[in-house]
Amino acid sequence: MLTGDWLMGVADILLAMFTAYIFFFYFNIFFEKKKRSIRVLTGIIVFVFWQLSIPEIVRILPAARNIGVTVGVTLFAVISIFEGKIWKKCFFVIIFDAVWMLVETLVNNLLMLYCEHLAVSQRLGALVSKLLFLAVLMALKKIFTNEEIKELPAGHNILLVF
C-alpha cells in the first residue's frame, strides 16, 4: 500500500514536470523568457504546484470555476516568467488552456469509446493527453518557426493560431 502511494506520488511529480516542459515549449514560441529572478521562480513554483494539486481541485471546484482558476494560474505564471505585452500573454494563455482542454476531452472520449476500462485511470489519460498536446504544439512550433511566417505582424499570427 505504501509503495503504491509512493509510486503514484512519483508519477504525479513526473507528470507535473512534463507539463512544465510543455508549458515552456509552447510559450517559448511566442515570448522571450525573463532573466532569472524571484518572480520567474515564483511563476514556475505556482504552475507546478497547480499541476500537482489539480486532481483534488477538480473534485472540489465546479467546472466553470476550474476553468477560470486554470486560466488565472497559467496567466500568472506567464506574466511572471515571460517578457511581452499583456494582451498577447492573455490571448496565448487562453489558446493554450483551450487547446489543452480540447485535447483532454478528445482523449477522454476516445478512451471511453474504445478502452472503457482504461478511461478510469486518471494518470493514463493525463499522460496520453499531454503526449497528444505536445504533438499539436510541435506542429504549431514548426509553423511559427518558418521564416516567412515569423515576419508576419502579431495580428496575423493570432489569426493563424485560430
Side-chain angles (χ1 to χ4, degrees), residues 9-108 122-123 125-162:
V10 169
D12 289 341
I13 290 170
L14 289 174
L15 279 172
M17 289 171 50
F18 186 51
T19 305
Y21 172 78
I22 291 171
F23 173 85
F24 282 102
F25 184 85
Y26 173 78
F27 287 105
N28 280 332
I29 296 172
F30 305 105
F31 302 107
E32 293 293 320
K33 193 173 163 215
K34 292 180 181 177
K35 291 184 172 40
R36 294 180 188 240
S37 70
I38 193 72
R39 287 192 67 191
V40 171
L41 184 61
T42 303
I44 294 169
I45 289 171
V46 166
F47 186 77
V48 170
F49 178 74
W50 169 248
Q51 290 304 308
L52 289 172
S53 60
I54 279 180
E56 290 79 30
I57 293 173
V58 165
R59 289 186 208 117
I60 297 170
L61 290 177
R65 288 189 182 160
N66 187 13
I67 292 169
V69 171
T70 299
V71 170
V73 168
T74 308
L75 183 59
F76 174 80
V78 170
I79 289 171
S80 299
I81 298 169
F82 295 99
E83 301 281 346
K85 296 180 181 173
I86 189 72
W87 68 269
K88 282 180 73 174
K89 290 178 183 179
C90 290
F91 174 78
F92 286 111
V93 162
I94 291 170
I95 295 298
F96 177 79
D97 287 333
V99 171
W100 189 353
M101 289 176 200
L102 288 171
V103 167
E104 284 185 346
T105 302
L106 174 67
V107 167
N108 182 44
Q122 187 177 15
R123 286 173 184 85
L127 177 63
V128 172
S129 69
K130 285 175 176 66
L131 288 171
L132 182 58
F133 187 40
L134 182 61
V136 168
L137 294 181
M138 285 179 168
L140 188 64
K141 184 174 184 174
K142 187 81 169 164
I143 291 169
F144 279 99
T145 54
N146 183 341
E147 289 303 318
E148 295 169 2
I149 293 175
K150 235 180 169 179
E151 296 177 14
L152 289 175
H156 290 98
N157 283 341
I158 291 171
L159 289 174
L160 259 175
V161 170
F162 276 136

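Starting from 1, each residue takes its place in the sequence as its number. Keep in mind that the numbers below use all heavy atoms, side chains included, and drop hydrogens, waters and symmetry copies.
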Participant: Verify, without hydrogens or angle tests, whether Lys89 (side chain) and Phe76 (backbone) share a donor-acceptor contact under 3.5 angstrom.
Facilitator: no
Participant: Between Trp87 and Phe91, is the ring centre distance below 6.0 Å?
Facilitator: no
Participant: Could you tell me the separation between the OG atom of Ser80 and the CD1 atom of Ile38, rounded to the nearest 0.5 Å?
Facilitator: 10.5 Å
Participant: Contact between Ile79 and Arg39 at the side-chain level, heavy atoms closer than 4.5 Å - yes or no?
Facilitator: yes
Participant: If you take all heavy atoms of Leu15 and Ala126, which pair is closest and at what distance?
Facilitator: CD1-CB, 4.1 Å
Participant: When rounded to the nearest 0.5 angstrom, what is the spacing between CZ in Phe23 and CD1 in Ile81?
Facilitator: 4.5 Å
Participant: Quick one: are Trp100 and Thr19 in side-chain contact, heavy atoms under 4.5 Å?
Facilitator: yes
Participant: What are the two closest heavy atoms between Val103 and Ser129, and how far apart are they?
Facilitator: CG1-O, 3.2 Å
Participant: Can you see which heavy atom on Gly84 is nearest to which on Phe31, and at what distance?
Facilitator: CA-CD2, 4.2 Å
Participant: Does Phe30 form a side-chain contact (heavy atoms from CB on, under 4.5 Å) with Phe82? I'd like the steps, not just the answer.
Facilitator: CA-CA 9 Å; Phe30 305 105; Phe82 295 99; over 6 Å; no
Participant: Under a 4.5 Å cut-off applied to non-hydrogen side-chain atoms, are Ile22 and Phe133 in contact?
Facilitator: yes
Participant: State the OG1-CD1 distance between Thr70 and Ile94, to the nearest 0.5 angstrom.
Facilitator: 12.5 Å
Participant: Of the non-hydrogen atoms in Lys130 and Phe18, which two are nearest, and what is the gap between them?
Facilitator: CB-CE2, 3.5 Å
Participant: Between the side chain of Lys33 and the main-chain N/O of Phe24, is any donor-acceptor distance below 3.5 Å?
Facilitator: no
Participant: Mark yes or no: Lys141 above the aromatic ring of Phe25, with NZ or CZ under 6.0 Å from the six-membered ring centre and no more than 45 degrees from the axis.
Facilitator: yes
Participant: Within a reach of under 6.0 Å around CD of Glu32, are more than 12 heavy atoms found that belong to other residues, nucleotides or ligands?
Facilitator: no
Participant: Return the CE to CD1 distance between Met138 and Ile29, rounded to the nearest 0.5 Å.
Facilitator: 10.0 Å
Participant: Taking all atoms of both residues into account, what is the closest heavy-atom pair of Gly43 and Ala77, and its distance?
Facilitator: O-CB, 3.7 Å
Participant: Could you give the distance from NZ (Lys35) to CD (Glu83), rounded to the nearest 0.5 Å?
Facilitator: 8.0 Å
Participant: Quick check: are there more than 12 heavy atoms from other residues, nucleotides or ligands sitting under 6.0 Å from CD1 of Ile86?
Facilitator: yes
Participant: When the ring centroid of Phe96 is compared with that of Phe27, is the distance short of 6.0 Å?
Facilitator: yes
Participant: Would a 4.5 Å heavy-atom cut-off, applied to side chains only, mark Leu134 and Tyr21 as touching?
Facilitator: yes
Participant: I'd like to check the side-chain contact (heavy atoms from CB on, under 4.5 Å) partners of Leu14; sequence neighbours left out, ordered by chain and number.
Facilitator: Val10
Participant: Of all the heavy-atom pairs spanning Phe47 and Ala20, show the shortest one and how long it is.
Facilitator: CE2-CA, 4.1 Å
